[in-house]
Amino acid sequence: MKIAFVGLGNMGGGMAANLVKKGHSVNAFDLAEAALAKAKENGCTPYTNVREAVQGVDAVVTMLPNGKIVESVYTADVIGHAPKSALLLDCSTIDVDTARKVEAAAKDAGYEMVDAPVSGGIAAANGGTLTFMVGGSDEAFAKAEPILACMGKAVIHAGASGAGQAAKICNNMLLGASMVATCETFAMAKKLGLDLQTFFDISSKASGQNWSMTSYCPVPGVGPQSPADNDYQGGFATALMLKDLMLAMEAAKSVGANVPMGERAAELYKAFADAGQGGLDFSAIIKTL
Ligand code: NAD
């Protein structure tokens, strides 16, 4: 297929390269010249603007920072410029309302579009092992699946338009809250005089078991290798966790959901990021507990 890819940053760069590896021809665009040059090295064809990049393509994939940018790229440069037959796939993490609004605009103009945010970080984007949560019609999902499968290990249909974004922020709200709970628990276990490896051995096989503990333990030297073992470098940045928690708070407000644990996690991550720690992995919140 001929695919236009817009947004070749930390995530999009690797994703576009994987589409090329799977035999697709990729027209690439990013505002940053360095990102575009790297995409060229990876076999993409660089373009100087979105409108030209989407000419004659079978699909358009975007991986952009936020909803405002996604909306402006689609309404100004994709809708009405890509062929109507092109499937539109936005893989960015954005708010549910904007995702639905952009998808409605695309539909009105005769396009099929899905929201397909990802779980998994930069390593998964480079390695082609992302998990995609897809919102859109059955027909659009059927067309999106083989494209997304080139970049991921799992492609799941979450429901109608916006459902991918809803699943993503619900999952990440749970992740943020469970990471804080895991961190405060280890901090308390230490104060109570428990050996932390011993506590891990117990709790990881008991009812407190959760992903933040067993797959991503925030305590250095305990559990499998995680960013904690690398001084909290790499992994999933606190700033990105905060972004997702803020999107979750916005969504909770818009539907009147009562989310006290998510709210508290958002406050704690905001304070941590405001203290200049936004670049550290999100498990580093243990330092404040
Ligand atoms: P990034 O900042 O590295 O990349 C975004 C890219 O978009 C940049 O290269 C930027 O130049 C480009 N861009 C911005 N505005 C543009 C425009 N108008 N036209 C074309 N290009 C434009 O960010 P990232 O880490 O790659 O994240 C991208 C998306 O993926 C975000 O929505 C983020 O929340 C989500 N996400 C990131 C991770 C992660 O671990 N980094 C994990 C899951 C989801």
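Counting convention: from 1, in listed order, for ligands and their atoms alike. Since we're looking at a predicted model, the values are computed, not measured. Starting from 1, each residue takes its place in the sequence as its number.
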(message) If the cut-off is 4.0 Å to any non-hydrogen atom of Gly121, which atoms of ligand 1 fall inside it?
(response) 40 (O)
(message) One thing to verify: whether Lys270 and Asp274 come together as a salt bridge, which I'm taking to mean a side-chain N less than 4.0 angstrom from a carboxylate O.
(response) yes
(message) Taking 4.0 angstrom as the limit and counting only heavy atoms of Phe29, give me the atoms of ligand 1 inside it, by number and element.
(response) 19 (N), 20 (C)
(request) Could you tell me which atoms of ligand 1, counted from 1 in the order shown, lie closer than 4.0 angstrom to a heavy atom of Val118? (result) 43 (C), 44 (C)
(message) I'd like to know whether Thr288 forms a side chain to side chain contact (heavy atoms under 4.5 Å, CB included) with Leu268, so could you lay out the CA-CA distance, the side-chain angles of the two residues, the decisive distance to 0.1 Å, and finally the verdict.
(response) CA-CA 9 Å; Thr288 68; Leu268 291 167; 5.6 Å; no
(message) Could you work out, with side-chain contact (heavy atoms from CB on, under 4.5 Å) as the rule, every residue matching Lys143, not counting sequence neighbours?
(response) Leu87, Glu112
(message) If hydrophobic clusters are built from ILVMFWY residues whose side chains come within less than 4.5 Å, do Ile156 and Val61 share one?
(response) no
(message) Can you tell me which portion of Ala125 lies within the under-4.0 Å heavy-atom range of ligand 1? Options are side chain, backbone, both, or neither.
(response) neither
(message) Yes or no: does Gly13 have any heavy atom under 4.0 Å from an atom of ligand 1?
(response) no
(message) So for ligand 1, is Lys168 a polar contact partner (N or O within less than 3.5 Å, distance only)?
(response) no
(request) Among Ile, Leu, Val, Met, Phe, Trp and Tyr joined by side-chain contacts under 4.5 Å, find the other residues sharing a cluster with Val6 and list them by chain and number. (result) Phe29, Leu31, Val50, Val54, Val57, Val60, Leu64, Ile69, Val70, Val73, Tyr74, Val78, Ile79, Leu88, Ile94, Val102, Tyr111, Met113
(request) Using a strict 4.0 Å cut-off to heavy atoms of Val73, name the atoms of ligand 1 that fall inside it. (result) 18 (N)
(message) Distance under 4.0 Å to a non-hydrogen atom of Leu31: what atoms of ligand 1 satisfy this?
(response) 15 (N), 16 (C), 17 (C), 18 (N), 19 (N), 20 (C), 21 (N), 22 (C)
(request) Indicate yes or no: does an N/O atom of Met11 lie under 3.5 Å from an N/O atom of ligand 1? (result) yes
(request) Tell me which protein heavy atom sits closest to atom 4 (O) of ligand 1, plus the residue, atom name and distance to 0.1 Å. (result) Gly9 CA, 3.3 Å
(message) Regarding ligand 1, does Asp244 bring an N or O atom to under 3.5 Å of one of the ligand's N or O atoms?
(response) no
(message) Please check: side-chain N/O of Asp244 versus main-chain N/O of Ile169, any donor-acceptor pairing under 3.5 Å?
(response) no
(request) Could you tell me whether Glu41 and Lys38 make a salt bridge, using a distance below 4.0 angstrom between a side-chain N and a carboxylate O? (result) no
(message) As an exercise, identify every atom of ligand 1 less than 4.0 angstrom from a heavy atom of Gly120.
(response) 42 (C), 43 (C)
(message) With rounding to the nearest 0.5 angstrom, report the CG to CD distance, Asp97 to Glu250.
(response) 7.5 Å
(request) May I ask you to say whether Lys2 pairs ionically with Asp58, meaning some side-chain N is under 4.0 Å from a carboxylate O? (result) no
(request) Note the single closest protein heavy atom to atom 30 (O) of ligand 1, along with its residue, its atom name and the distance in Å. (result) Met63 CE, 3.1 Å
(message) Using heavy-atom distances only, which candidate in Leu240, Leu247, Asn10 approaches atom 41 (N) of ligand 1 most closely?
(response) Leu240
(message) Using modelled atom types and a 3.5 Å cut-off, is there a donor and acceptor pairing between side-chain atoms of Asp281 and backbone atoms of Gln233?
(response) no
(request) Tell me which protein heavy atom sits closest to atom 14 (C) of ligand 1, plus the residue, atom name and distance to 0.1 Å. (result) Pro65 CD, 3.7 Å
(message) For atom 33 (C) of ligand 1, what's the nearest protein heavy-atom neighbour? Residue, atom name and distance, please.
(response) Lys243 NZ, 3.7 Å
(message) If we set the cut-off at 4.0 Å for heavy atoms, which region of Asp30 has an atom near ligand 1: side chain, backbone, both, or neither?
(response) both
(request) Please check if the side chain of Arg264 supplies one atom and the backbone of Ala177 the other of a donor-acceptor pair under 3.5 Å. (result) no
(request) Give yes or no for whether the N/O distance cutoff of 3.5 Å, strictly under, is met between Ser92 and ligand 1. (result) no
(request) Ignoring hydrogens, tell whether any protein atom lies closer than 4.0 Å to atom 21 (N) of ligand 1; use the non-hydrogen atoms only. (result) yes
(request) Could you tell me whether a side-chain N or O of Asp30 sits under 3.5 Å from a main-chain N or O of Leu36, the two making a donor and an acceptor? (result) no
(request) Check the angle between the aromatic planes of Tyr216 and Trp211 and answer parallel, tilted or perpendicular using the 30° and 60° thresholds. (result) parallel
(message) Please classify the Val6 to ligand 1 contact at 4.0 Å (heavy-atom distances, strictly less than): side chain, backbone, both or neither.
(response) side chain
(request) Please check atom 2 (O) of ligand 1 for a protein heavy-atom neighbour under 4.0 Å. (result) no
(message) Using heavy-atom distances only, which candidate in Asp90, Leu64, Asp77 approaches atom 31 (C) of ligand 1 most closely?
(response) Leu64
(request) Just need the protein heavy atom nearest to atom 44 (C) of ligand 1, so name the residue and atom and give the distance. (result) Thr93 OG1, 3.6 Å
(message) Does Lys287 form a side chain to side chain contact (heavy atoms under 4.5 Å, CB included) with Leu280? I'd like the steps, not just the answer.
(response) CA-CA 11 Å; Lys287 290 172 185 245; Leu280 291 182; 4.1 Å; yes
